[in-house]
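These notes concern the structure reproduced below.
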Amino acid sequence: MNCTCSKNNTEFYKDFELKNFNTLKISSKADLAFFVKDEAQLCSVFRMYKNAKTLGWGSNTLLSSKGVREPVIITRKMSEISQRCEIMEIEAGASAPKVALEAYNNSLSGFEFLIGIPSTLGGAVAMNAGAHEQTISDKLISARVYDIKEDKIITLSKDELNFSYRNSLIKQNTDRYALISAKFQLEKRGKEEIKKRMDENTEFRKRVQPSLVMPNLGSVFKNPTLPDGQKLSAGMLVDKCGLKGFHVGNAGVWERHGNFVINYLNCTSSEYLQVLYKMYTSVKEKFNIELECEIMRIGEFSAQEDEIWRVIKKS
Ligand code: EPU
C-alpha cells in the first residue's frame, strides 16, 4: 500500500518487496520502505529512525531472505545533477550510467568507467567503485553527508572520506553517515575520446562480466595484494580451485568468471553466502590467501549466515 508520511510528505510502503531493488534479485521484504526525493526528506526519515538503512540500486548489497526489520531509505528519486564549468555536483540517487552520459554530453572526462556500473552515485562513492584505471574518488573534491548521530549535514573533504580500494569512511560507518551529494572536478576533453573510452569499457563488461540478466552483485571478493606487493585476481584464484559452476541450491559461481556469483533462479541469501564460504575456504586451503568480501549486507540474517559473514569479512 502506498502511503505518504504526514510529518515530511515522504512516500513510503509497508511490507515492501525489495526483489526489484537489488541486482541479485533476492526476494526480501522490508517492514518499511521510504522513497526520498531530496535531502530534507532523507534527513527527516533518519530523524525518525536512526537505524534506517540506505539503498540505491542494491548492486553491492546482499539483502536477507528473512527480510529487513530496519526502515529502508531508497535514494533513487534523489537524483539531481548540476554542472558548472568542469565541476559536477551529483545527488546520491543519480544513476552511474546517467552520470557518465551527462559528463560525456558536456565533454567532461573522468566518469567513463561509470557507463557500465549498475549503481547509484551514492553506492559508487561508498564502495569507491572503480574499473579500467579510474575510481570514483579520483575526481572527487568533497561530499555533503548527513551525520545521523549528530543530526547535522556536514561537508567532508576527499581526505576525510578516507578512500582506499573499494572502501571509504561511509562504507565503514553506514550507521553514522549517509551521502547526500558529492562534488567532482572533471577535465575538458574531446567527445570522441570520451566516447571511445566508454565504448571500450562497455565492450569489456559485455565480454568478461555477466549482464544483469544473470542477477549478481558484481565482484564478490577484492583482489588480494600479497605481503611482497604482488597483486592477484580473486577470480583467477577461485577459478584455479575449479569452482566455476559450483552451486549451492540456486546460487552458483558463474561458469565464465570466478569472482561473480549468480542467482540462477530465486536463490536465498543463505545459498548465496554458502557459495561465498566455499570460495573463501577453497582459496585459503589451496593458496593460504584469505580473500576479503567486498559486498555489504542489510537485513535479519540467521546464525549460520552471521557466522559465514564473520569469516569472509574479518580480514
Ligand atoms: N581470470 C581468470 N579466471 C577467472 C577470472 C579472471 O583467470 O575466472 C583472470 C583474467 O583472465 C585476468 C585476471 O584474472 O587475467 C583479472 O580478471 P578481470 O580482467 O576479469 O578483472 P578482475 O580483477 O576480476 C576487476 C574489478 C572489477 C572491474 C574490472 C575491470 C575487483 C575485485 N574487480 O576485475 O570491478 O570491473 O577489474 O577494471 O577489483 C567490482 O568491483 O564489482 C568490479 C566488477
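Everything numeric here is computed off the predicted structure, so don't read it as measured data. Order of listing sets the numbers, starting from 1, for every ligand and every atom in it.
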Exercise for review: Please confirm whether N259 comes within less than 3.5 Å of ligand 1 when only nitrogen or oxygen atoms on both sides are compared.
Suggested key: no

Review point. For atom 16 (C) of ligand 1, which candidate among G258, S233, S219 provides the closest heavy atom?
Key: S233

Review point. Is E133 touching ligand 1 with its side chain, its backbone, both, or neither, if touching means heavy atoms under 4.0 Å apart?
Key: neither

Review point. Side chains of E112 and Q134: is there a donor and an acceptor less than 3.5 Å apart?
Key: yes

Review point. Any N or O of H132 that comes nearer than 3.5 Å to an N or O of ligand 1?
Key: yes

Study note, to complete from the structure: With E89 as partner, the option from Q83, R144, R84 fulfilling side chain to side chain contact (heavy atoms under 4.5 Å, CB included) is R144

**Study point:** Protein non-hydrogen atom below 4.0 angstrom of atom 26 (C) of ligand 1 present
**Key:** yes

Review point. Which atoms of ligand 1 have any heavy atom of D239 under 4.0 Å away?
Key: 2 (C), 3 (N), 4 (C), 7 (O), 8 (O)

**Study point:** Within reach of ligand 1, part of Y165 (heavy-atom separation under 4.0 Å)
**Key:** side chain

Check your understanding: Roughly how far, to the nearest 0.5 Å, is CZ of R166 from CG of N60?
Key -> 8.5 Å

**Study point:** Identity and distance of the protein heavy atom lying nearest atom 35 (O) of ligand 1
**Key:** R166 NH2, 3.0 Å

Check your understanding: How are the rings of H132 and F204 set relative to one another: parallel (under 30°), tilted (30 to 60°) or perpendicular (over 60°)?
Key -> perpendicular

Review point. Are side-chain N/O atoms of N128 and S168 paired as donor and acceptor at under 3.5 Å?
Key: no

Practice item. Quick one: sort the F16 and Y13 rings into parallel, tilted or perpendicular, breaks at 30° and 60°. Key: tilted

Review point. Quick one: which ligand 1 atoms are inside 4.0 Å of a heavy atom on F221?
Key: 32 (C)

Review point. Which of these, E255, M236, Q209, K244, has its nearest heavy atom closest to atom 28 (C) of ligand 1?
Key: Q209

Check your understanding: Under 4.0 Å from atom 37 (O) of ligand 1, do we find at least one protein heavy atom?
Key -> no

Review point. Any idea which atoms of ligand 1 are less than 4.0 Å away from a heavy-atom of E294?
Key: 32 (C), 40 (C), 41 (O), 42 (O)

**Study point:** Polar contact flag, side-chain donor to acceptor under 3.5 angstrom, T202-D199
**Key:** no

Practice item. Tell me whether V275 is reachable from M296 by hopping between hydrophobic residues (I, L, V, M, F, W, Y) whose side-chain heavy atoms are closer than 4.5 Å. Key: no

Point to revise | Which residue and heavy atom of the protein sit nearest atom 30 (C) of ligand 1, plus the separation | key: F204 CE2, 3.6 Å

Exercise for review: Do me a favour and list the nearest non-hydrogen protein atom to atom 20 (O) of ligand 1 with residue, atom name and distance?
Suggested key: H257 NE2, 2.7 Å

Practice item. Look up atom 42 (O) of ligand 1 and tell me if a protein heavy atom lies less than 4.0 Å from it? Key: yes

Point to revise | Modelled atom types, side-chain donor and acceptor of N201 and K196, under 3.5 Å | key: no

Review point. Is atom 32 (C) of ligand 1 close to the protein, meaning a heavy atom under 4.0 Å from it?
Key: yes

Check your understanding: Should M127 be listed as contacting ligand 1, given a heavy-atom distance under 4.0 Å as the test?
Key -> no

Review point. R256 to ligand 1: N or O pair under 3.5 Å?
Key: no

Check your understanding: To which protein heavy atom is atom 23 (O) of ligand 1 closest, and what is the distance rounded to 0.1 Å?
Key -> N223 ND2, 2.7 Å

Check your understanding: For ligand 1, which atoms have a heavy atom of V208 less than 4.0 angstrom away?
Key -> 20 (O)

Exercise for review: Please determine if K139 forms a cation-pi arrangement with F184, meaning its NZ or CZ atom is less than 6.0 Å from the six-membered ring centre and no more than 45° off the ring axis.
Suggested key: no

Review point. Between K244 and E255, does at least one N-O distance fall below 4.0 Å, as a salt bridge requires?
Key: no

Review point. Taking the six-membered ring of Y104, is the NZ or CZ of K195 close enough (under 6.0 Å from the centre) and on axis enough (within 45°)?
Key: no

